[in-house]
Amino acid sequence: MDALYDPAAHEPRIAERWLAAGVFAGGSAPAGESYTIALPPPNVTGELHMGHALNGSTQDTLIRMRRMQGFDTLWICGTDHASIAVHAVIEKQLRAEGLTRWDLGREAFLERVGEWRERTGATIIQQFKRLGCTLDYDHERFTMDDGYVRAVLTMFERLYHKGYIYRDNRLINWCPTCASTISDLEVRHETAVDTLYDVRYRITGSSEFLTVATVRPETILADTAVAVHPDDERYRHLVGGTAVVPLVEREVPIIADEYVKMDFGTGVLKVTPGHDPNDFEIGRRHGLEELSAIGLDGRMTELAGEFAGLTVTEARDRVRQALSDRQLLAGERPYEHEVGHCDRTGDRVEPLISLQWFMRMDELASPANQAVRSGRVRFHPRTQENTYFHWMDNLRPWCISRQLWWGHQIPVWYCPDGHVTVAVSEPGACAACGSAELERDPDVLDTWFSAALWPFATIGWPDADPRLDRFYPGDVLSTARDIINLWVARMLMMGIEFMGDIPFTDVLIHSTIQAPDGRRMSKSLGTGIDPLELVDEFGADATRYGLLKMSSTQDVRFDRGAIEEGRKLTVKLWNAARFALDKADVQAQPVAPGPGAPVEDRWLASRLDAALAEVVRWVGAFDFSAAVKTLYAFVYEFCDWYIEASKARLYGEDPQARRDVSATLVWAFDMILRMAHPVLPFVTEAIWDQLPGDRGLLMLASYPQPQDGMRDDEAERAMADVIAAVTAARSDGRVRLVLPHGFAGEAIVRSLVRTAEVTVSDVATVVVVEAASEDVGAARAKLEVELARAVAERDRARGMLANERFVAKAPPAKIEEERAKEARFAAEVADIEARLASL
RNA sequence: GGGCGCAUAGCUCAGCUGGGAGAGCGUCCGCUUCACGCGCGGAAGGUCACAGGUUCGAGCCCUGUUGCGCCCACCA
């Protein structure tokens, strides 16, 4: 074995071997239960970022452990076409060339997207391989491959026929740069400081005015009412009358609506159904006309008269000026409020009325909601369920059509009479009138519409596929918190609707790793840290370890030290293995220490089993940080104590002792490598590789079962004493050891002699009393230690019982507990005293 | 505007149903080269954000304050 472990020299080679084994497809363990995870599909052209690396590490740890435990595992692999995100990237390139997507036209644009995809490729999938992720690469899916498109269109058709999908003229969120609608969830609200203008509306048949406040004077041109609160005494007499909209001189009704806040400004609201979500609702309630002064091109429409053709910002200034000129501007002041922005482009969202496709989700939501409320689907951490419920309880129609080109084109055809035909493949004739003159809806679907099908469209749906029976419903969905509603909620709804069952039972919401300074990791801020650079520098194992250690139920700051710790652990394991391979008889059959084995061997078995049980428990509870820390602590304990202790026998004269300790060491490595493999797959496989005999791939070996029979309290206690005694001796320079009989601690002792700068003659290696010691003094010392400990414990219990208030007020059960403790310690003390006296 | 969460050692974080303040890194001291200096041992370092309250007892429960993060949201 190489003296230095160089991850770069081993990891790619090992990754190749895993891939060649071809066992990631699912179905590799037909006898076992299935265990399925669907990878959240990264964007086609994405690069592996910290979130992917963390999520990949957690999912791979789960998959590897379950595979080793005999489950038939499937980790679904693939990428997302990311409609709007890809548009944003390509159109930015085009802008740099002075072009727009319309200059190219749909076909050329899509060609360009194709080329770009070709060039940047699905590198992210390669990067997952580098991290050691055992995804089902052979069945990689793409949300726009043929089968998947058919699934998406089938879903659209079925939902249309159920009446969940419909076309409507409603107020939608319009992103001017995308030139498309976006959904409510794609709107970010940000604080902005604008100007609030007070504008005067003349009351018809009067010389009086009503003053309304608005931050968007240009929308006055589309006003269709003025509203007051029904209980507002000041204006009650005006309700039913009309007012005149400034500039356009349109007479509009004065209406009463509960929505109006009496205490805001003058308590009078201008109603613009065409450009404001609230006003839209008011308009629908009162049957108001819905006018548009702003067009889909972001410019003022014909309705705006003299302002037609201006951009919104230009129009705002000009309208302000015009109002001012006519003495209709009563005031203006800075105003801080929340403004919607496009999540992708950062543009201010323009609320506009437009004919779009919508999906209502209330009926679909109810069983999905129930699945979580009943606990069939559990979020980890649990608190994240609030996010889910809050959204699910307040669902509004989802605008699913996008005026984009890259994506699933809506499977709807219109005939000249405007009839609608919905079909998965192009129909020959209009379903209503038989006309052959059909034109397909040019719009595409929201990316999240197709993503909602991911857990089952990837394994065969809508066809009958045996994999659907085998791997659906899946088990775990691991993702970031920001797409709980965008994606997780919709997968639950669609899974229940189309598959009749939930797509997974556990939703892992992993932490967001922030930059070391606490800011969000982002390319644009320059705060990003490339996980691949970490892999290059520290190795994939170390990176996985570090990310898992950092992972938590809340956001954490990136800590390079955690990755370094991972590297230390990797190297430590490697070197420990090198020791065993060089010094022990590795041809020995692995033998678990039995009852007659030396105390340090029994201690090792006990500790190893405890650590194993803990790791299994933590991974099962999705606490990867705790799992990984347990592993680290155990490996160090093993190296610092067991390996040191083993040297006495290994380097000693007794051939039988040498054989025994070799058998134990080989056994320990066999166990530790299996145990650590899901977290540190590469280094463990590399070591496994060098063990003698044909063992096959460690990846495919079985995961050890914790066994209570392994626990050996006596050995644990004995070693605890040794460790305590050695530690104390080391620190105060006095070396007075109390060692169990047969304890092979000479290496430690030798080391102590050097450390403490004492000579061998100062060292008393003694035996424990249980071993029928010939050194009574040492045995007495050993018992004294035990006695002191028992007395200390007893005094602690007495401390509680001596507390009068405790006795007076503590619950009886607590007091009982303390009494029992005291009694137990008293008995122990008596026993030890008796044994001391007998010496 | 509503909701959720976080403030514990210089740094990054653990602390389960309230009864002994922890880990890793860093610092300091010492050791060592027969697996590993990517090593070994030890030490120092914390009125657990602040102010109240409940309790015999609070890092943990309650109230408030301050600072930070996130999610949701149709008040011009």
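Chain A is the first sequence line, chain B the second, and so forth, proteins listed ahead of strands; every chain is numbered from 1. All of these numbers come straight from a predicted model, not from anything done at the bench. Reckoned from all heavy atoms, side chains included, excluding hydrogens, waters and symmetry mates.
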Practice task
Report the nucleotide, chosen from B:rG24, B:rA73, B:rA76, that has the shortest atom-to-atom distance to any side-chain atom of A:V215.
Solution key: B:rA76
Exercise for the section: Classify the nucleic acid contact of A:L4 as base, sugar-phosphate or nothing, counting any heavy atom under 4.0 Å across all strands shown. Expected result: base
Handout entry: Ring centre gap for A:W174 and A:H275 strictly below 6.0 Å
Key = no
Handout entry: Nucleotide of B:rC40, B:rA73, B:rA76 approaching A:T214 most closely (side-chain heavy atoms)
Key = B:rA76
Problem - B:rC13 versus B:rA73 - spacing of their C1' atoms, nearest Å - result: 33 Å
Handout entry: Phosphate OP1/OP2 of B:rA76: any A:Y335 side-chain N/O under 4.0 Å
Key = yes
Completion exercise
Closest to the side chain of A:H337, out of B:rA76, B:rA73, B:rC38, is B:rA76
Completion exercise
Side-chain atoms of A:V260 come closest, of B:rG24, B:rC72, B:rA76, to B:rA76
Exercise for the section: Identify whether any heavy atom of A:A576 sits under 4.0 Å from a base atom; if not, whether one sits that close to sugar-phosphate; answer base, sugar-phosphate or nothing. Expected result: base
Taking only nitrogen or oxygen atoms into account, show me every contact under 3.5 Å that the protein makes with nucleotides 1-10 of chain B, one pair per line with its distance.
none

Completion exercise
Here the distance between atom C1' of B:rC74 and atom CD of A:E350, to the nearest Å, is 15 Å
Exercise for the section: Check whether any side-chain N or O of A:R557 sits under 4.0 Å from OP1 or OP2 of B:rU12, and answer yes or no. Expected result: yes
